[in-house]
Amino acid sequence: MLTPGTLRFLAGFVFSLVIGWFVFPYVLYERIEQPLQFSHKVHTGEAGGMSCTDCHEVKPDGRFTGIPALEKCATCHSSQVGTSPHEKRLVDEYVAKNREIPWLVYAQQPENVYFSHASHIGSVECANCHGDHGSTDSLRVYERNRISGYSRDIWGSSISRLARKATWDGKKMDDCIGCHESRNVTNTCLKCHK
Amino acid sequence: MNSKITRREVLQFVGGSALGVLLSPLPWKVLDDTAIWTQNWPWTPKPKRGDIAYRTTTCTLCQSSCGMRARTIGAQPVSLAGTQHHPFNQGALCTSGLLAHHLRYHPSRVKQALKFSVQAKSHSTLSADDAFRELSAVLKNSSSVVIVDERAGRTVSALYAELAASARTVSYAPVSARGISSLNRLAGNASLQAGYDVDNAKCILSFGAPLFDGWGTPSLAARFFDKRGTQKLIQIEPVRSRTAEMASKWIVSRPGTDLAAALSFAHVLLEERLVSASALKSITDIDELALFLGAFTPEVVSKQTGIPPATLRETARAIASQTPSVCVTSHAAGDDVQDAVMLLNILTGAVGTQGGITLRAEIPGMRSAAASAKQSVQIDDLPDHSVNVFILDESLSGSSIPDTLLQDKLVSGGQGVIISLSPFVTPRPFALQYIIPSTVMFETLGDTTGPFDAARSGLALSSALLPAPDGTLDALQFVQKCAETLSVSLSSTGSSEEILKKRIGALHASKRGQVFMTSTGETTDVKQLATADDLWNALVEGGCWIDEAVGVNARALSFRVMPSIKHTRQTQTTDSNTLLVYPIVESSAYSGKTVSPLMSKVSQESGLRLSAQDAYLNPVTAAAHQIEHGSTVALRTKNGTMNVRAKLDARTMPDVIFVSCTAQSCGNQSAIASSAQDVRLLCEVSSGGSYTPTPVTIQKVYL
Amino acid sequence: MDKQLIARGVTRTSLKNFYLWILPWCLLLAVGLYAVFLCLAKGLNQTNMDNRFSFGLWIYLDLTVIALGAGAFFTGFLLYVLKRKELKAVINSAVVIGFICYSGAVAVLGVDVGQPLRSWFTFWHPNVHSMLTEVTFCITCYLTVLAIEYIPVVLKNRKLKKVPSMLVFEFELHKLMVVFAAVGTFLSFFHQGSLGGLYGVLVGRPFAFRPALGIWPTTFFLFILSAAAVGPSFIMLTTWAASKISRKSLVKPDVYRYLGKISGSLLIFYIILKAVDTMFWINTVSTKGFSPAGFYRMQEFGTWILFTEIVVLGLVPAIMLLSRRVRANQKLLITAGAMACAGIVLNRYVMTIQTLALPTLPFDVFMSYVPSWQEVATFLAVLSYGMLVYSFSFRYLTLFPQEREIQSV
Amino acid sequence: METTQKSPRYGMVIDVDRCTGCGNCMVACAVENNVPPAQAKVTERTGMTWMRVSKLDNGLPFPENRSVYLPVSCQQCDHHTPCQSVCPQNAVEYDIESGIVAQIPVRCFGCRYCMTACPYHARYYNWFDPEWADGIERTLNPDVSARMRGVVEKCNFCHGRLQAARAKAAADGRKTESESDYTTACAECCPTQAIRFGNLADPKSEVSILSKSPSAFRLLEDLGTEPKVYFRSEQEWVHTIVKKTSSSELKEHSNG
């Protein structure tokens with residue numbers, strides 16, 4: 001039988017649980033739209049027929065170009081080829097004005113982290129870390145941690161990190177270490193910190 | 001607040017929520033994120049990412065013209081290194097060269113034309129056009145304008161000379177590499193060009209020249225070490241400097257007695273008949289000289305220099321017997337010392353011989369140096385207070401001409417004007433000064449001649465990796481502007497590229513010399529290159545041109561030495577127990593230049609180098625005055641008082657306080673804000689333009 | 001209110017006097033907090049520490065304060081575990097002193113580290129080989145224990161007793177006290193030792209390095225012993241000081257003598273071992289290419305410092321404390337206690353400051369360091385914090401159970 | 001060329017007879033590793049120099065005084081690494097794949113215990129927030145992250161260059177970096193080639209041959225920390241002085 005005291009206690013208990021588990025995550029992350037919409041599907045599908053490496057290439061010195069520069073887009077989109085309004089914006093606002101597109105990188109690793117695509121490509125699938133990003137039709141909202149400034153993809157979708165959906169859900173150091181261990185690759189600091 | 005709720009009830013609720021929070025991610029996630037925040041503080045700069053490339057070019061900070069390889073992010077150089085196998089510098093750079101890419105962003109960079117009133121009490125900014133409008137008035141109304149060119153041999157030098165030729169009131173004062181100018185003086189021929197062939201010298205006699213510390217190209221030390229044993233270096237200096245430590249022999253001499261030593265060597269050479277007949281013949285006034293030198297017996301000179309007579313004689317014999325030998329002086333040495341040492345080179349027959357001082361042929365494609373020479377004057381020869389306007393070209397490496405010299409030559413009463421083309425603020429309180437903002441390295445296309453410590457003359461181009469800031473001029477544009485204001489028309493005008501291409505074209509046409517290409521790392525004859533553009537590209541890509549070993553025939557030369565030698569002042573004998581202050585050349589690599597703030601690593605942060613606020617003391621001297629290492633002391637001479645930080649160093653001569661001759665302005669704040677003291681000013685300047693040891697009193701300052 | 005808080009049967013000075021007493025300490029605290037703010041906001045360039053003197057005043061005082069605070073655990077150990085009833089008279093005071101010392105030390109550490117917000121890394125990514133990890137873990141745990149030990153003292157307060165549940169809680173807690181005392185003792189043994197190990201393991205600092213017995217360098221055991229030895233002396237001193245300041249006798253004289261006796265018997269033991277250790281060190285250090293004499297050739301730090309530490313402030317007070325005649329005379333007893341404490345203070349100074357001042361490399365020199373006002377002020381803040389906590393506890397809580405009976409007599 | 005099968009142990013051999021004390025290594029290091037310039041308050045004792053050229057002299061008076069310059073960076077101790085064992089939170093690690101003693105400033109919380117432990121004083125604390133004159137931050141090296149105030153940092157043998165070399169190896173399908181792709185900034189920019197860098201584990205490499213020569217020595221060898229930075233000198237007195245540690249040699253002040 002619950003005394004009023006116990007009830008008040010429980011009330012407080014439940015109240016802060018709700019705050020901690022549901023309100024806090026919502027407040028912590030700031031949702032930002034990408035400057036421009038982009039469909040990997042269209043580019044890689046029959047229409048585009050391009051492969052990942054057409055835009056995201058590894059230089060001979062082993063450096064990864066990451067998101068391609070505007071000139072890459074301009075090679076095809078110097079003028080509008082399709083009907084999409086987003087493409088129109090691409091041409092008018094960026095290609096025409098020769099302004100780089102300020103993409104928000106979902107998988108952006110922190111400044112102190114060194115990640116070499118060259119040494120992962122081949123042994124690890126792109127999807128392993130980037131999920132189905134390569135086949136999406138639109139760019140999802142970018143979530144920025146208001147305290148640390150990191151992309152939410154680093155922490156992962158589960159606020160407790162207990163329910164990790166897949167290998168690509170979360171790219172914290174522990175995740176890298178876990179993957180390395182599972183493939184018995186060494187985890188020395190200098191491998192990944194600059 | 002509702003009175004029904006008691007304190008206890010609140011506590012119960014709080015207790016519950018406290019427990020709840022601990023069981024939620026909130027505190028733990030916040031803990032993690034705040035830690036991550038400390039790892040990415042917004043005020044900690046993030047290096048810019050971008051495409052990485054390597055570009056080769058030429059360093060223009062000094063005459064050595066070292067080949068350098070820049071690692072660039074986008075267009076921005078982020079680190080520099082020497083070009084491997086480059087004929088000028090063999091892949092070596094000096095400390096300031098390694099930091100050259102910071103100069104573009106130096107705190108004391110001039111972004112707009114500046115006008116400093118006399119005493120530099122105030123300064124105002126003005127647009128380039130206004131500046132030149134005012135300047136044309138200044139130039140038109142002044143009867144004597146002197147263009148000082150401390151990097152003679154560039155394309156712009158020819159244009160300066162041309163300007164001087166066509167404008168009645170203007171004269172051109174080229175400052176060729178120290179020492180070489182003495183050759184011009186003694187030979188009475190301003191067009192002579194020469195270089196020190198130190199690599200092939202068997203014996204090098206150095207009067208305090210910092211050979212391994214920036215005197216020549218940065219690779220000089222390495223070149224000497226690789227020849228260890230086969231080459232002899234005799235260093236005469238009052239301190240066991242970096243060079244003295246590495247030299248084959250170090251001779252301790254009292255500060256400021258180089259002149260006496262040099263003359264005593266000359267005395268011995270004549271007395272012991274160690275001079276070749278041809279050398280004797282080349283000196284027209286040899287008898288007069290012999291008479292004059294009679295006074296400088298090793299015994300007499302020994303009293304001044306503190307060098308035993310025997311050592312003086314041995315050394316003289318060494319340079320005479322171990323030929324080819326060459327005698328060199330420090331950049332800071334006065335003309336009197338320079339001339340006396342050049343006299344030694346003449347007597348030993350070093351002039352015009354391999355391993356001595358090689359005479360260089362003119363670089364093709366230039367307005368004939370002989371023609372330029374006609375208008376050229378030596379600053380020292382100008383009568384005092386006769387110059388209305390000095391035009392200083394400080395665009396490449398600042399100016400190493402002592403302010404005191406300029407002050408003496410300028411019309412008195414602060415009426416003099418200095419027009420300085422400079423990237424940095426260089427206030428000169430004794431004159432009305434205009435500073436025209438110039439480009440710095442990596443911002444401009446320019447040419448530079450090869451090092452003076454090489455047998456053959458050379459030429460290289462520095463390319464513009466970055467866009468020049470608005471309102472800045474390079475020397476070639478500046479000289480054209482000046483020509484405009486004086487309504488003089490120059491032979492070659494247009495963009496820097498056009499003018500330089502003309503010269504390189506002519507160079508190619510001459511089919512002379514060889515060219516080093518960074519693309520292949522090999523050296524080929526100019527003949528092999530089909531078009532002038534091939535040569536141009538090779539040079540723009542950081543290669544260099546080297547002349548053939550053809551030189552002027554030394555036999556043709558004759559020297560009249562007495563005019564410059566005879567009025568050399570007798571070095572006063574200072575009895576050894578008076579305390580003296582004397583500037584030493586710590587590193588001439590950045591002598592008097594504006595250097596990157598990062599230079600604090602070697603001075604302020606480690607004490608490796610003497611900074612402008614430091615002074616070396618011998619521990620014995622320090623103990624005598626109760627001075628500890630690092631304590632602040634006041635130095636008082638009749639020129640004034642300055643506070644310096646004492647650094648005890650057993651390599652320095654007792655009873656002499658050594659201050660830095662290479663006071664440089666690095667540091668994070670602008671030069672206007674911090675007028676770094678120049679400790680050299682404590683010392684008196686000799687008639688020869690060098691600093692002389694000056695009696696000083698020292699006193700510990702309690703802060 | 002004030003009156004109702006003060007325990008029955010004891011008298012306390014007027015509220016006005018009390019305020020006059022705490023006012024200067026509050027001011028000092030304020031100044032100190034400002035210094036702390038400077039250090040946290042601008043970084044440790046506010047201190048005079050440098051790359052050579054990477055540890056300074058703060059670390060030295062942390063070591064000292066923690067050594068002196070050892071009285072808490074050792075008294076607790078003797079009382080609850082070894083059932084030394086005489087010590088009931090001072091245990092509460094001892095606990096408060098301990099709490100003050102440890103919380104103070106931890107607070108200063110928070111300022112001393114460059115990135116306090118990352119401190120928890122030590123718990124998340126611990127390096128089990130590091131003595132500092134051991135220290136951090138033990139001190140944090142022991143601080144919690146002290147807090148728990150402190151609670152019943154607080155709950156005994158006249159006003160709080162009125163709340164029934166509190167009384168129950170206090171009673172239950174008291175029954176557990178023996179457990180906490182045991183745990184506390186265990187923890188303290190460890191971190192007192194690890195603090196010694198901190199220097200003993202420094203292979204790069206032959207002056208401080210000591211060979212290992214088992215897994216710990218000898219300094220590990222010396223620190224435990226020395227702390228245990230002076231702990232009681234410090235309790236003795238503080239009790240004496242408290243009674244002088246409050247002009248009341250708080251414990252029966254035999255308590256002082258008893259504390260002195262414990263202190264003395266441990267101290268003599270410690271000093272002997274310390275002497276042996278030093279001898280051993282002198283013979284081994286030369287194998288590292290260092291001459292033991294060389295360490296003492298540096299201007300301030302002559303062999304006198306070693307002599308003072310071991311004989312003047314070690315052997316002498318030990319013998320004094322052991323002689324019944326000395327203990328009988330309170331003046332001498334207190335003096336001896338003070339000397340013993342001074343000895344340990346000096347020992348910690350040598351381990352921290354002299355170790356850093358001495359050069360290691362051939363081209364490297366003896367260096368000295370003077371703390372900046374920010375460093376001093378921060379320390380004074382801790383001191384005044386301690387004073388305030390103790391003053392309040394003394395006024396409103398029963399630190400000395402015997403006080404009432406003494407007064408009623 | 002591939003390195004030997006067993007993982008490399010990088011090290012340096014510095015010929016002090018060739019060192020003119022010019023300071024190139026110090027500035028080249030600072031440029032490579034984004035070490036900030038000094039602020040006004042900074043002194044020799046709070047300066048930030050991963051590579052520091054110190055003067056070693058024979059202690060004799062003028063003019064007998066002889067001196068050499070010793071460029072001292074982290075000595076990369078191979079055994080009983082003094083700093084590594086004391087760090088409470090594993091911010092220091094002995095990198096088994098290169099022999100480098102790795103310092104990870106983002107893990108460090110600035111207790112400075114490692115600095116107390118290092119006999120070579122090769123570790124530096126960020127007493128100040130890093131500050132570059134406006135614009136110079138554009139010249140920072142993207143391969144190395146800039147550190148923040150309140151952490152310890154030191155020479156990591158230009159690990160940015162090691163990572164670049166490894167990336168290149170991966171791109172070429174090689175397992176290990178090739179030594180020709182990897183050298184430190186100080187070695188690269190030494191105008192007299194006094195600093196040689198290479199793999200000590202490879203018996204054929206220049207450094208391991210030089211390190212075995214009788215003229216080679218290491219600092220504080222008796223401590224048994226097995227540094228991977230060697231020095232060389234043909235001058236007898238240098239060896240004698242280095243053997244004596246400063247505690248046995250009384251020194252009341254430094255000599256410049």
Side-chain angles (χ1 to χ4, degrees), chain B residues 38-39 41 43-50 73 76-79 81 92-95 98-99 101-102 104-107 212-213 218-219 221-222 225 240 242 245-246 252 587 597-602 604-609 616 618-620 628-629 647-654 668-669, chain D residues 17-18 20-24 26-28 30-32 34-35 37-40 42-44 47-49 52-53 55 57 59-63 65-68 106 129-142 144-150 185 188-189 191-193 253-256:
Chain B
T38 67
Q39 298 171 339
W41 274 337
W43 58 89
T44 321
K46 282 191 180 28
K48 212 165 150 300
R49 302 184 183 187
I73 305 296
Q76 174 65 55
V78 295
S79 75
L93 286 184
C94 72
T95 322
L98 280 170
L99 299 173
H101 59 309
H102 291 166
R104 175 177 164 90
Y105 307 105
H106 196 281
F212 303 152
D213 209 359
S219 59
F225 295 151
R240 196 191 278 264
R242 287 164 165 80
E245 181 64 57
M246 305 264 176
V252 190
S587 163
L598 210 54
M599 199 62 92
S600 63
K601 297 291 162 209
V602 293
Q604 182 187 354
E605 287 181 80
S606 67
L608 178 64
R609 292 250 179 232
Y616 280 144
N618 184 293
V620 181
E628 299 85 41
H629 181 77
K647 291 188 157 192
L648 305 198
D649 194 323
R651 295 175 302 178
T652 62
M653 181 179 265
N668 260 348
Q669 68 283 74
Chain D
D17 296 348
R18 280 181 81 94
T20 63
C22 67
N24 270 17
M26 295 176 66
V27 298
V31 168
E32 174 71 23
N34 300 335
V35 182
Q39 298 181 22
V42 170
T43 69
E44 291 167 37
M48 185 79 77
T49 53
R52 177 173 289 215
V53 178
K55 191 164 114 319
D57 73 3
L60 294 177
F62 183 90
N65 182 278
R66 300 295 312 275
S67 59
V68 290
V106 282
D129 275 308
E131 218 177 83
W132 280 270
D134 191 20
I136 297 190
E137 78 279 352
R138 266 177 258 175
T139 68
L140 293 184
N141 174 8
V144 179
S145 58
R147 280 77 50 196
M148 64 294 302
R149 172 232 302 166
E188 181 183 65
C189 293
T192 59
Q193 303 90 40
H253 61 72
S254 97
N255 295 347

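Just so you know, these numbers come straight off a predicted model, no measurement behind them. Here is the naming used below: chain letters follow the sequence lines, and residue numbers restart at 1 for every chain.
- Atom NZ of B:K46 sits in a crowded spot, with more than 12 heavy atoms from other residues, nucleotides or ligands closer than 6.0 Å.
- For the residue pair B:P597 and D:A133, the shortest heavy atom distance occurs at CG-CB, 4.5 Å.
- Residues forming a side chain to side chain donor-acceptor pair (under 3.5 Å) with B:R240 (at least two apart in sequence, or on another chain): none.
- From B:L98, atom CG reaches atom CG of D:N24 across 4.5 Å, with rounding to the nearest 0.5 Å.
- No side-chain heavy atom of D:M148 sits under 4.5 Å from any side-chain heavy atom of B:T38.
- B:P45 touches chain D through backbone and side chain together, each having a heavy atom under 4.5 Å away.
- Taken to the nearest 0.5 Å, the CZ atom of D:R138 stands 7.0 Å off from the CZ atom of B:R104.
- Both the backbone and the side chain of D:R149 come within less than 4.5 Å of a heavy atom in chain B.
- Atom OG1 of D:T49 and atom CG of B:L608 lie 10.0 Å apart (nearest 0.5 Å).
- The contact between D:D134 and chain B is made entirely by backbone atoms, counting heavy-atom distances below 4.5 Å.
- Residues B:P47 and D:P142 share a closest heavy-atom pair of CB-CA, 3.6 Å.
- For chain B, the option among D:E32, D:E137, D:R66 with the highest count of heavy-atom pairs below 4.5 Å is D:R66.
- To the nearest 0.5 Å, atom OG1 of residue D:T139 and atom NE2 of residue B:H102 are 3.5 Å apart.
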Q | Stepwise side-chain contact (heavy atoms from CB on, under 4.5 Å) check, B:D213 with D:T20 | A | CA-CA 8 Å; B:D213 209 359; D:T20 63; 5.9 Å; no
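- Top candidate by heavy-atom pairs under 4.5 Å with chain B, chosen from D:L60, D:V144, D:V27, is D:V27.
- For the pair B:Q604 (side chain) and D:V42 (backbone), a donor-acceptor distance under 3.5 Å is present.
- Here the closest non-hydrogen pair linking B:T95 and D:G23 is CG2-O, 4.2 Å.
- Interatomic distance, D:M26 CE to B:R609 CZ, rounded to the nearest 0.5 Å: 10.5 Å.
- Judged by distance alone, the side chain of B:K601 and the main-chain N or O of D:M48 form a donor-acceptor pair under 3.5 Å.
- Heavy-atom distances place the backbone of D:T43, and not its side chain, under 4.5 Å from chain B.
- The backbone N or O of B:E605 lies less than 3.5 Å from a partner atom in the side chain of D:R52, making a donor-acceptor pair.
- Contact between D:V35 and B:L598 at its shortest, heavy atoms only, is O-CD1, 3.4 Å.
- With sequence neighbours left out, D:N34 forms a side chain to side chain donor-acceptor pair (under 3.5 Å) with no residue at all.
- Remark: D:Q193 CD to B:S219 OG distance equals 9.0 Å, nearest 0.5 Å.
- Looking at D:N141, its side chain never comes within 3.5 Å of a backbone N or O of B:S79 through a donor-acceptor pair.
- The heavy-atom pair separating B:R651 from D:S67 by the smallest distance is CD-OG, 3.3 Å.
- Contacts between B:E245 and chain D at a heavy-atom distance below 4.5 Å involve backbone atoms as well as side-chain atoms.
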Q: Mind running side-chain contact (heavy atoms from CB on, under 4.5 Å) on B:F212 and D:T192 for me, showing each step along the way?
A: CA-CA 10 Å; B:F212 303 152; D:T192 59; over 6 Å; no
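- Taking every heavy atom of both residues into account, D:E188 and B:A81 meet most closely at OE1-CB, 4.0 Å.
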